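Heads up, the thing below is written out as structure tokens.
In this text, all values refer to a predicted model and were calculated from it rather than measured experimentally.
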Amino acid sequence: MDEAVGDLKQALPCVVEAPTVHVEVHQRGGSTARKEDIKLSVWKLLNRHNIVFGDYAWVEFDEPFLTRNVQSVSIVDTELKVKDPQPIDLSSCNIALHIFQLNEDGPSSENLEEETENIIAANHWVLPAAEFHGLWDSLVYDVEVKSHLLDYVMTTLLFSDKKVDSNLIAWNRVVLLHGPPGTGKTSLCKALAQKLTIRLSSRYRYGQLVEINSHSLFSKWFSESGKLVTKMFQKIQDLIDDKDALVFVLIDEVESLTAARSACRAGTEPSDAIRVVNAVLTQIDQIKRHSNVVILTTSNITEKIDVAFVDRADIRQYVGLPSMAAIFKIYLSCLEELMKQLLTLRELEMIGFIENNVSKLSLFLSEISRKSEGLSGRVLRKLPFLAHALYIQAPTVTIEGFLQALSLAVDRQFEERKKLSS
């Protein structure tokens with residue numbers, strides 16, 4: 001058998017494709033420049049700077065046209081599948097340019113009329129939204145969570161384009177992210193929708209993100225919840241019918257809409273819940289036929305989800321608590337943000353973080369990261385604020401002083417947890 005596999009490998013031609021590098025071009029909100037003209041100027045910029053080291057962004061330009069019309073030019077997502085940044089020769093890569101403008105409008109509400117009551121059934125964003133700008137980069141994971149999700153959706157679109165028979169090879173356009181609270185599952189769904197809207201901007205004019213308010217769809221009137229779910233998905237179907245839009249349906253805490261029917265039949269859940277599960281499964285089966293929709297779901301307690309829904313999820317991705325390495329990156333991103341305004345910074349200090357992993361400051365941050373293990377990303381992002389509020393209060397502080405405050409804030413967090421648990 002092994003010999004046969006070896007012979008097959010030798011018989012197949014070895015084709016090495018040039019890597020694809022994605023470049024996101026953030027066009028200014030007031031700019032009316034044509035995308036073709038922006039592309040031409042960006043190509044000239046990349047030709048002048050064709051060697052980069054991992055992800056990189058230009059926010060200042062020596063060309064007046066770019067200064068007037070472009071907020072930033074960013075080489076992105078090169079580090080999703082590699083642990084350390086690598087030098088990249090852009091001249092030997094396939095360059096994919098994605099030009100986008102942010103929608104400054106906030107979310108609108110999708111309402112359902114029920115008897116004399118108006119139910120807010122969902123929040124609705126037009127993408128790419130200013131509210132989610134930078135969210136993707138702020139999420140740090142140990143495993144290749146983000147690259148797996150991107151690859152999944154791109155494969156979904158490829159299979160649809162090539163008209164692969166979904167009766168023979170099944171996919172349902174459903175993603176399920178599960179894991180403990182505070183690990184960024186909902187934020188990741190929103191960031192993924194934003195990222196894909198930008199990456200597929202040449203194919204779809206804009207994105208639509210509908211975040212279903214699961215709890216509001218349970219009506220106080222017996223047997224009405226299943227009908228409300230159906231009404232909600234009918235509104236989503238209207239969005240899907242616009243083939244210029246890429247539609248994302250986000251169902252947070254999906255177990256509230258897809259409770260296990262075995263528990264319902266045992267009498268531990270009201271029979272109305274069975275109607276809701278059936279309605280959700282039916283609607284998913286109907287909209288999965290469309291190539292421009294992706295269903296994103298999250299759960300903290302997967303054992304309560306109906307098995308039929310779990311089976312429909314193409315990807316069931318666990319999102320756990322960050323490791324020490326991920327915590328270090330989260331804290332470092334917080335420090336970089338604070339360096340812009342609050343922290344007094346000597347050049348030697350910055351070099352210590354970026355180039356020398358055994359510097360005093362890096363070792364100090366590593367120790368803080370080690371004792372922060374067990375905290376969620378949500379808590380970690382709050383700790384720099386608490387460190388300043390509780391132990392500094394000054395308008396500026398040295399990095400070393402801030403790290404000392406951060407260390408105290410971590411200790412305090414665990415002390416408070418002990419008090420709450422007792």
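- The two atoms that bring R381 and V140 nearest to each other are NH2-CG2, 4.3 Å, heavy atoms only.
- Using a 3.5 Å distance cut-off with no hydrogens or angles, the side chains of T67 and R28 do not pair a donor with an acceptor.
- Between F402 atom CZ and L361 atom CG the span is 13.0 Å, to the nearest 0.5 Å.
- Side chain of K185 to main chain of P180: a donor-acceptor pair is present (N/O by atom type, distance under 3.5 Å, no hydrogens or angles).
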Which pairs would a plain distance check flag for residues 121-130, meaning a side-chain donor or acceptor within less than 3.5 Å of a matching protein atom at least two apart in sequence or in another chain?
residue, atom, partner, partner atom, Å
H124, ND1, E110, OE2, 3.2
H124, NE2, Q208, OE1, 2.4
W125, NE1, E131, OE1, 3.0

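- In the displayed structure, L390 atom CG is contacted under 6.0 Å by more than 12 heavy atoms of other residues, nucleotides or ligands.
- A side-chain donor from one of K371 and S407 sits under 3.5 Å from a side-chain acceptor of the other.
- Considering all non-hydrogen atoms of both residues, V59 and S72 come closest at CG1-CB, 4.0 Å.
- For the residue pair Q237 and D241, a side-chain donor N or O sits within less than 3.5 Å of a side-chain acceptor on the partner.
- Remark: side-chain polar atoms of R417 are not paired, donor with acceptor, to backbone N or O of Q413 under 3.5 angstrom.
- Here the side chains of L97 and W43 are in contact, with some heavy-atom distance below 4.5 Å.
- When the shell of 6.0 Å around CZ of F53 is examined, it contains more than 12 heavy atoms from other residues, nucleotides or ligands.
- What you find for G401 and T398 is that their closest heavy atoms are N-OG1, 3.1 Å.
- Looking at L188 and L177, their side chains come closer than 4.5 Å, going by heavy atoms from C-beta outward.
- Put simply, the side chain of R316 gets close to the backbone of V310: a donor and an acceptor are under 3.5 Å apart.
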- request: Under the side-chain contact (heavy atoms from CB on, under 4.5 Å) rule, what do F414 and L375 come out as? Steps first, then yes or no, please.
  value: CA-CA 9 Å; F414 282 103; L375 299 178; 3.7 Å; yes

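- When side chains are defined from C-beta on, V145 does not count as touching Y318, because their heavy atoms never get closer than 4.5 Å.
- Of the charged side-chain nitrogens involved, at least one lies within less than 4.0 Å of a carboxylate oxygen, so that E367 and R370 count as a salt-bridged pair.
- When side chains are defined from C-beta on, M232 does not count as touching L228, because their heavy atoms never get closer than 4.5 Å.
- In terms of heavy atoms, F364 sits closest to E400 at CE2-O, 4.2 Å.
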task: Kindly indicate, with the supporting measurements, whether the criterion side-chain contact (heavy atoms from CB on, under 4.5 Å) is fulfilled by S366 and M324.
output: CA-CA 8 Å; S366 294; M324 175 181 161; 3.9 Å; yes

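- In this structure, a donor-acceptor pair under 3.5 Å is present between the side chains of S160 and R173.
- Taken to the nearest 0.5 Å, the CG atom of L46 stands 12.0 Å off from the CD1 atom of I51.
- Judged purely by atom type and a 3.5 angstrom limit, S41 has no side-chain atom pairing as donor or acceptor with the backbone of I38.
- Under the 4.0 Å criterion applied to side-chain N and carboxylate O atoms, R412 and E416 are assigned as salt-bridge partners.
- Other residues, nucleotides and ligands place more than 12 heavy atoms under 6.0 Å from the CD atom of E36.
- Remark: side-chain polar atoms of Y141 are not paired, donor with acceptor, to backbone N or O of A326 under 3.5 angstrom.
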task: Any chance you could lay out the side-chain contact (heavy atoms from CB on, under 4.5 Å) test for L45 and H49, step after step, and finish with the verdict?
output: CA-CA 6 Å; L45 172 70; H49 307 277; 3.7 Å; yes

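- With contacts defined as side-chain heavy-atom distances shorter than 4.5 Å, the pair L383/Y331 qualifies.
- Ionic pairing of E24 and K195 is present here: one or more N-O contacts between side-chain nitrogen and carboxylate oxygen are shorter than 4.0 angstrom.
- At distances below 3.5 Å, not a single donor-acceptor pair connects side-chain atoms of R203 with backbone N or O atoms of L246.
- Between the side chains of Y152 and D314, at least one donor-acceptor pair of N or O atoms lies under 3.5 Å.
- Between N292 and A245, the shortest heavy-atom distance links the atoms ND2-O, 2.9 Å.
- Within the 3.5 Å criterion, the main-chain N or O of L150 finds no donor-acceptor partner in the side chain of R199.
- Between the NE2 atom in H98 and the OG atom in S201 there is a gap of 6.5 Å [rounded to 0.5 Å].
- One N or O on the side chain of D55 and one on the backbone of T78 form a donor-acceptor pair closer than 3.5 Å.
- The number of heavy-atom neighbours closer than 6.0 Å to NZ of K39, taken from other residues, nucleotides and ligands shown, is 12 or below.
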task: Verify salt bridge (charged side-chain N to carboxylate O under 4.0 Å, His left out) between K146 and D77, making sure each step is shown before the conclusion.
output: CA-CA 9 Å; K146 293 197 284 189; D77 301 329; 5.9 Å; no

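- Judged by distance alone, with hydrogens and angles left aside, the side-chain atoms of T298 form a donor-acceptor pair with the main-chain N or O of E253 at under 3.5 Å.
- Between the S31 side chain and the A33 main chain, a donor and an acceptor come within less than 3.5 Å of each other.
- Residues passing the salt bridge (Lys or Arg N to Asp or Glu O under 4.0 Å) test with R205, sequence neighbours excluded: D244.
- Put simply, the side chain of L158 does not reach to within 4.5 Å of the side chain of M154, judged on heavy atoms.
- Note: S333 OG to L380 CG = 10.0 Å, rounded to the nearest 0.5 Å.
- Distance CG/L176 to CG/D311: 11.5 Å, rounded to 0.5 Å.
- By the 4.5 Å heavy-atom criterion applied to side chains, I295 and K288 are not counted as neighbours.
- Annotation: the span from N103 atom CG to T197 atom OG1 amounts to 11.0 Å, rounded to 0.5 Å.
- No side-chain heavy atom of V21 sits less than 4.5 Å from a side-chain heavy atom of V52.
- Residues S376 and L321 come closest through the heavy atom pair CA-CD2, 3.7 Å.
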task: Mind running side-chain contact (heavy atoms from CB on, under 4.5 Å) on L90 and I75 for me, showing each step along the way?
output: CA-CA 10 Å; L90 297 179; I75 295 172; 3.9 Å; yes

